[in-house]
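Whatever order the structure lists ligands and atoms in, that order sets their numbers, starting from 1. In this text, all values refer to a predicted model and were calculated from it rather than measured experimentally. FYI, the numbering just counts along the sequence from 1.
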Amino acid sequence: MNPDFSNNRICQLLGISYPIIQAGMIWASGWRLASAVSNSGGLGILGAGSMYPEVLREQIQKCKQATDKPFAVNLPLLYVEIEKHIEIILEHKVPIVFTSAGSPRTWTARLQEKGIKVIHVVSSAAFAQKAEAAGCDAIVAEGYEAGGHNGREQTTTMVLVPQVVGAVSIPVIAAGGIATGQQMLAAMALGASGVQIGTRFLASEESSAHPDFKKMVIESNEGDTQLVMHKLVPVRLLKNDFYRRIEAAESRGATAEELKEILGRARAKKGMFEGDLREGELEIGQVASLLDDILPAATIVRNLLHDYASRLHILQQGL
Ligand code: NDP
């Protein structure tokens, strides 16, 4: 039997059955993945950062056709055409928006006026307090283990979650390094009301990441991801030729401008969507080294719940 989360703050806030939230991942989380997670009782998210406005519109429409459950859009606030994305979200009455990489003061009130729940991603207790002051409904506390864009504080999830939980009164969702039910239980033991999971869902059948990238993710080992581009936006990547060039440049003290030049444009698409495993930017979390299979999203949710419940049972036995 699945655990009962009917009194859980995040489930109540978002109208979902399980506090399992799929992260919005550029090039990997379109309507197929988001609707599969929502249909399984969690919350699916469309990763709008890589979508042109018309693509986002189409993805929202398809997601609505594929599920009658709540789903969300993740909006990196530094997205170039953010106002168009906001208009589309309002027009299509998306019920929940996760914002990241920017100030929550800018858009939260405008979205909430239309009845949209707003959840902001932070990497420190100080940012969490700012998000609460901006009126956000909940917070994602994302630790150092996470893939893609990362905080400058380099605080691990184990340290970050209790710090954030102690600093705010709105519900906290833990993220970074969570792919199993045991890890979900640990995050909730630290005070989180839910978990956000990226890497495990990227390696799913429904994710739109390139099959070769998914394969590289599940074949990766300890130490295969590292944080780079500290002078731009720190990003956790799988090691490949591009990573090694960036890493070498950073080691010799390259400037932000030089790093930008090496990065160029559309490298995330090249790696994660087009499958150029040598020259693409391969954003993934540290927990990739724990994964060894590509599964349907519904199986991932089922496994999370099963492993959460069985580990809880073992702990309750005092074993
Ligand atoms: P680049 O500037 O290198 O390239 C832009 C990419 O975004 C291109 O591949 C382009 O597709 C696509 N794109 C989607 N909409 C637009 C638009 N309106 N104008 C121009 N390009 C668009 O950016 P990145 O690939 O590094 O990042 C893309 C987005 O993803 C950014 O908004 C960024 O904030 C977000 N991001 C979020 C991360 C996270 O962890 N949350 C991590 C990394 C990025 P095409 O090639 O088909 O033109």
Side-chain angles (χ1 to χ4, degrees), residues 21-30 33-34 45-60 72-89 97-104 106-107 119-123 127 140-152 154 157 173 175-177 196-199 201-202 207-210 213 217 225-238 242-243 246 256-257 259-276 279-288:
I21 293 146
Q22 162 247 314
M25 299 167 284
I26 56 165
W27 301 112
S29 52
L33 178 57
I45 302 191
L46 299 172
S50 51
M51 296 176 188
Y52 281 88
E54 285 318 306
V55 175
L56 176 62
R57 182 192 301 280
E58 189 192 328
Q59 292 284 318
I60 292 172
V73 169
N74 171 229
L75 214 48
L77 295 174
L78 43 79
Y79 180 77
V80 280
E81 293 189 275
I82 182 109
E83 296 194 11
K84 286 194 184 157
H85 271 8
I86 299 270
E87 287 311 319
I88 290 168
I89 285 166
V97 169
F98 281 58
T99 52
S100 54
S103 167
T106 323
W107 296 105
I119 298 167
H120 192 65
V121 182
V122 301
S123 57
F127 279 135
V140 176
E142 186 186 79
Y144 174 71
E145 299 92 324
H149 283 185
N150 211 296
R152 295 201 177 276
Q154 305 200 357
T157 303
I173 298 161
Q196 187 175 56
I197 297 180
T199 298
F201 282 117
L202 184 134
S207 114
S208 53
H210 194 281
F213 176 42
V217 167
T225 73
Q226 289 292 333
L227 209 61
V228 284
M229 292 193 269
H230 300 270
K231 286 183 186 158
L232 297 175
V233 180
V235 173
R236 179 173 297 285
L237 300 179
L238 263 180
F242 163 68
Y243 161 85
I246 282 279
E257 279 312 308
L259 294 177
K260 230 182 242 174
E261 211 178 303
I262 299 171
L263 175 63
R265 185 182 172 277
R267 213 176 262 279
K269 179 183 186 185
K270 190 196 269 267
M272 298 194 280
F273 194 65
E274 294 171 351
D276 184 338
E279 284 301 329
E281 192 183 350
L282 304 175
E283 300 179 10
I284 204 74
Q286 224 174 38
V287 79

Undergrad: For atom 26 (O) of ligand 1, which candidate among R267, E281, K269 holds the nearest heavy atom?
TA: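 Looking at heavy atoms only, E281 sits closest to atom 26 (O) of ligand 1.
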Undergrad: Considering only protein heavy atoms, which is closest to atom 14 (C) of ligand 1, and at what distance to one decimal place?
TA: S50 O, 3.4 Å
Undergrad: Report, in ascending order of atom number, the atoms of ligand 1 lying under 4.0 Å from any heavy atom of A266.
TA: 1 (P), 3 (O), 4 (O), 8 (C), 9 (O), 46 (O)
Undergrad: Of V73, L33, N74, which is the lone residue that meets side-chain contact (heavy atoms from CB on, under 4.5 Å) with I45?
TA: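 Only one option passes, and that is N74.
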Undergrad: Under the 4.0 Å line, does any protein heavy atom show up next to atom 47 (O) of ligand 1?
TA: yes
Undergrad: Under a 4.0 Å N-O cut-off, is there an ion pair linking E279 with R267?
TA: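 Looking at R267 together with E279, the answer is yes, because their closest N to O distance falls below 4.0 Å.
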Undergrad: Just to confirm my output: which protein heavy-atom neighbour is closest to atom 31 (C) of ligand 1, and how far is it?
TA: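 Here the nearest protein heavy atom works out to G49 O, 3.9 Å.
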Undergrad: Test your reading of the model: is there a side-chain donor-acceptor pair from R236 to the backbone of Y144, 3.5 Å cut-off?
TA: yes
Undergrad: Does Y52, backbone or side chain, put an N or O under 3.5 Å from an N or O of ligand 1?
TA: yes
Undergrad: When you measure from atom 27 (O) of ligand 1 to every protein heavy atom, which one gives the shortest distance, and what is it?
TA: I26 CD1, 4.4 Å
Undergrad: Got an N/O contact under 3.5 Å between H149 and ligand 1?
TA: yes
Undergrad: Is any heavy atom of the protein nearer than 4.0 Å to atom 3 (O) of ligand 1?
TA: yes
Undergrad: Any salt bridge linking E257 with K260? Criterion: basic side-chain nitrogen under 4.0 Å from a carboxylate oxygen.
TA: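 Answer for the salt bridge query: yes.
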Undergrad: Measure the distance from atom 24 (P) of ligand 1 to every protein heavy atom, then report the residue, atom name and distance (to 0.1 Å) of the closest one.
TA: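 Here the closest protein heavy atom is A268 CB, 4.7 Å.
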Undergrad: Check ligand 1 against L78 and write out every atom of the ligand that is under 4.0 Å from a heavy-atom position of the residue.
TA: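 In order of number, 33 (C), 34 (O).
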Undergrad: Measure E283 to ligand 1 on non-hydrogen atoms and call it side chain, backbone, both or neither using the 4.0 Å cut-off.
TA: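 Near ligand 1, E283 shows its side chain, while the N, CA, C and O stay back.
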Undergrad: State whether the shortest distance between N or O atoms of P76 and N or O atoms of ligand 1 falls below 3.5 angstrom.
TA: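 No, since none of the N or O atoms of P76 sits under 3.5 Å from an N or O of ligand 1.
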Undergrad: Mind checking whether R265 has an N or O less than 3.5 Å away from an N or O of ligand 1?
TA: yes
Undergrad: Exactly one of L77, L75, V97 should register a side-chain contact (heavy atoms from CB on, under 4.5 Å) with W107. Which one does?
TA: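 Exactly one pass, corresponding to L77.
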Undergrad: Mind checking whether A101 has a heavy atom under 4.0 Å from ligand 1?
TA: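 In this structure, A101 fails to qualify as a contact of ligand 1 - no heavy atom is under 4.0 Å.
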Undergrad: Tell me the contacting part of E81 for ligand 1: side chain, backbone, both, or neither, using a 4.0 Å heavy-atom threshold, strictly below.
TA: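 Under 4.0 Å from ligand 1, E81 contributes side-chain atoms alone.
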Undergrad: Please confirm whether W27 comes under 4.0 Å of ligand 1, counting heavy atoms of the residue only.
TA: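 Contact present.
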Undergrad: Show me which atoms of ligand 1 lie under 4.0 Å from any heavy atom of V80.
TA: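 By the 4.0 Å cutoff, the relevant atoms are 17 (C), 18 (N), 19 (N).
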Undergrad: Is there any N or O on Y79 that sits under 3.5 Å from an N or O of ligand 1?
TA: yes
Undergrad: So Y79 and H85, would you call those rings parallel, tilted or perpendicular, with 30° and 60° as cut-offs?
TA: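 Answer is parallel, since the angle falls under 30°.
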Undergrad: More than 12 heavy atoms of other residues, nucleotides or ligands under 6.0 Å from CD of E83: yes or no?
TA: no
